[in-house]
Amino acid sequence: MSAPLSQTPVTVGIVGLGFMGRTHLDAYLRAAGDGLCRVVAVADQHVAARLADRAPKGNIAAADAPPPLPTDLKTFTDPAALLAETSIDLVSICTPTDTHVGLTLAALRAGKHVVVEKPVAVDPGDVYKVLCAEHSAKRVVMPAMVMRFWPGWAWLREQIRSKAFGKLTGLTLRRLGSMPGWSPEFYRDQARTGGALVDLHIHDADFVLWALGFPASVTTVGTLNHAVTTYRYEGELADTHVVAEGGWGQAPGSPFRMEYTAYFERATATFDLSRSPAVVVYRDGAAETPAMPTLSGYDQEVRHAIGAVRAFKAGASAPLTATVMDAMNVAALLQYERQSLETRGPVRVELLRSAPIFMDLQRTT
């Protein structure tokens, strides 16, 4: 007797085996080890070389050896061949930014569910195309906004929302590294990447939206490759300073820095990726280390997507922690930040849900 549909392992294909593609691959393989999915196929122009060199790379690479590959793994050099595989339920798209939309639309036309790496696109109008296609295809589409799953970040959002330490009075976010050494031609092309403002700082801009909502205005200084943004709020958060710095301004070989400091009325919460434990809370004259999930952000991210697909296959629904609408919101916010950078002054932020682009979607769905 076959397993209930909701318990049937989700079959997975991965398009793109650069740093992020191999990170996704390893996370799916660990989920497969727990019986949650089965990795069926991978596609990359240099697939043989990519699979031959799976040593951890990058700023946030896993320390453990990568899980073994399935003996029956199908390999393709053409993404279209992978998308034609009828046995695949879910596709992770981990290719350069300017290919995300086209591949996501092709995957949806092929009946696949999709996890698409961030940024979905530099232009929110391109993300809108995915939003429309998602509504038409009625498939799960999740942008890989991994900080929503990173240990210590979902926890921080909960402390902000619950006011467990009192009101948030300030938040500083920092994400700094050197320009990625992989795909150097791509990362040097700001028209394709949006610069570090879009490719790297997007994580903190997305967290600000997820935790606090749209700011009333933004002021961004610096360059596309190293910028600092101040987010101004109205109402209850009017006196709360929120600042995020992100960029590739560090010299090659410098350690990657991912940090936050959250100031509350009764405590200060800090995160430092280079520290263990990463999250430390200071209050009442003492330091505390709250319990955190043991799975990495990438592991939690892919398992969340797998769970959504399993629910879909069972005729149910599971709310996504990151949605295509979220991706369109953060793409719009980053455009406001770029406008501030170019005009060298504050820019008023208009809520995307009242913009014509969203109203058009409401009329067509």
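- The side chain to side chain donor-acceptor pair (under 3.5 Å) contacts involving residues 67-77 comprise Lys74-Glu85, where partners must be two or more places apart or lie in separate chains.
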(request) Take Arg139 and Glu134 through the salt bridge (charged side-chain N to carboxylate O under 4.0 Å, His left out) test and state the conclusion after the steps. (result) CA-CA 6 Å; Arg139 289 292 185 270; Glu134 175 194 32; over 6 Å; no
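- Here Phe207 pairs with Trp153 under the ring-ring contact (aromatic ring centres under 6.0 Å, His included) rule; sequence neighbours left out.
- By the ring-ring contact (aromatic ring centres under 6.0 Å, His included) test, His304 pairs with Phe149, sequence neighbours left out.
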(request) Let me see the working for Arg54 and Asp26 under salt bridge (charged side-chain N to carboxylate O under 4.0 Å, His left out), right down to the final yes or no. (result) CA-CA 9 Å; Arg54 296 179 62 215; Asp26 291 349; 2.6 Å; yes
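- Checked for salt-bridge contact, Asp34 and Arg303 meet the test: a charged N lies under 4.0 Å from a carboxylate O.
- Applying the side chain to side chain donor-acceptor pair (under 3.5 Å) test to every pair with at least one member in residues 205-221, sequence neighbours left out, gives these pairs: Arg148-Asp206, Thr220-Thr229.
- Side-chain polar atoms of Thr193 and Asp199 form no donor-acceptor pair below 3.5 angstrom.
- Between the side chains of Arg275 and Thr270, at least one donor N or O lies within less than 3.5 Å of an accepting N or O.
- In this structure Asn225 satisfies the side chain to side chain donor-acceptor pair (under 3.5 Å) test with no other residue, sequence neighbours excluded.
- Inspection of the His201 and Glu245 side chains reveals no N or O donor paired with an N or O acceptor under 3.5 Å.
- Side-chain atoms of His226 and Gln250 form no donor-acceptor pair, as typed in the model, at a separation below 3.5 Å.
- For Ser296, the side chain to side chain donor-acceptor pair (under 3.5 Å) partners are Asp299, not counting sequence neighbours.
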